[in-house]
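In what follows, every heavy atom counts, from backbone to side chain, and hydrogens, waters and symmetry copies are set aside.
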Amino acid sequence: MTPSQPPIANRQQTLVRKHPVAAYFVLTFAISWSGALVLAAPFLVRHESLPKLPGILMFPVMLLGPSITGIVLAGCTAGRAGLAELTRQLTTWRFAPRWYAALLIPPLLILTVLSCLAAFANPAYAPNRFFMGLFFGVPAGLLEEIGWMGYAFPRMRSEDNSFAPAVLLGLLWSTWHLPVVDFLGAATPHGRSWLSFFLAFTAGMTAIRVLICWVYANTRSVLSAQLLHISSTSSLVVLSPPRVNPVQEATWYLLYALTLWLVVAIVLGIYTKALARPAT
């Protein structure tokens, strides 16, 4: 007589608990990319180029992946205690003012890069003032960070090394954007400059992810990560120059990425690869 097999649901839950980080990324990518595919499918089956509006609408659909997966897996792996801890970190707003000041990093660097390019290279680089772009950053920051920082990063990092996991998370985060990357920025579609733009985008997003992880490591607040994400995305949408061509857009994204990595280098010099000062 053979022993009865455990129910499928129990086996799946055991698998998630054994591989909580891998399970998160598999489910997040599956949900987000499937949602994007549903919107794109009617055009793909007709062998048509995806219009800009459906391309942009894919992004809010994709936000369901990291947010839903983060909440579900927090409950699945740690029960009520996991959900309570996630809620606590989402509502932790009392931290030192310098971490609120970090929200100025993206807009200041973008303005500096674009102003210098406009003055010394081409007036087309002049920063925009599309203030409605603030509303693009809010849902992205609030929903995405539930999963990236509320669930994944705490399970990836160690007390003495947060830098390497932050870089890995940044690369995965950049890759997650693949379905919509050609609809980001002002010079869409990017045509022959698509790969150049994506590489510059990845360099910048990985650097800003390291900075988000740095803020989180020192505040233990998912809210702080959400705010920096909102600042980053909103600044890109508000300030992106509307008259650049795809090559110029890839260029300024790359220069912005380089300035972000300079900030990361300063952070590493002060906080080491732990990205946080030792607790006293």
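The hydrophobic cluster containing Leu104 also includes Leu108, under a criterion of side-chain heavy atoms closer than 4.5 Å among ILVMFWY residues, counted directly or through chains of members. Clustering of Ile, Leu, Val, Met, Phe, Trp and Tyr by side-chain heavy atoms under 4.5 Å joins Phe135 with Phe130, Met132, Phe136, Val237. Leu44 belongs to a hydrophobic cluster whose other members, connected by ILVMFWY side-chain contacts under 4.5 Å either directly or through intermediates, are Leu37.
Take Arg46 and apply the salt bridge (Lys or Arg N to Asp or Glu O under 4.0 Å) test, not counting sequence neighbours, and it matches Glu48. Qualifying side chain to side chain contact (heavy atoms under 4.5 Å, CB included) partners for Leu172, counting only residues two or more places apart in sequence or in other chains: Phe25, Leu168. Under the rule for a side chain to side chain contact (heavy atoms under 4.5 Å, CB included), the partners of Ala121 that lie at least two apart in sequence or sit in another chain are Leu117, Tyr125. Partners of Glu159 by salt bridge (Lys or Arg N to Asp or Glu O under 4.0 Å), not counting sequence neighbours, listed by chain and number: Arg157, Arg220. Here Tyr24 pairs with Trp148, Tyr151 under the ring pair (Phe, Tyr, Trp, His ring centres under 6.0 Å) rule; sequence neighbours left out. In terms of the side chain to side chain contact (heavy atoms under 4.5 Å, CB included) criterion, residue partners of Ala164 (sequence neighbours excluded) are, by chain and number, Asn161.
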Listing, residues 50-63 side-chain donor-acceptor contacts under 3.5 Å, not counting sequence neighbours, or none:
residue: Lys52; atom: NZ; partner: Thr188; partner atom: OG1; Å: 3.4

Please table the atom pairs, donor to acceptor, closer than 3.5 Å between any side-chain atom in residues 92-103 and protein atoms at least two apart or in another chain.
residue: Thr92; atom: OG1; partner: Arg88; partner atom: O; Å: 2.7
residue: Tyr100; atom: OH; partner: Trp93; partner atom: O; Å: 2.6

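Within the structure, every pair that satisfies the side chain to side chain donor-acceptor pair (under 3.5 Å) test and touches residues 200-216, not counting sequence neighbours, is listed here: Gln89-Tyr216, Glu145-Arg209.
Both Trp261 and Leu111 are members of a single hydrophobic cluster when ILVMFWY side chains are connected at heavy-atom separations under 4.5 Å.
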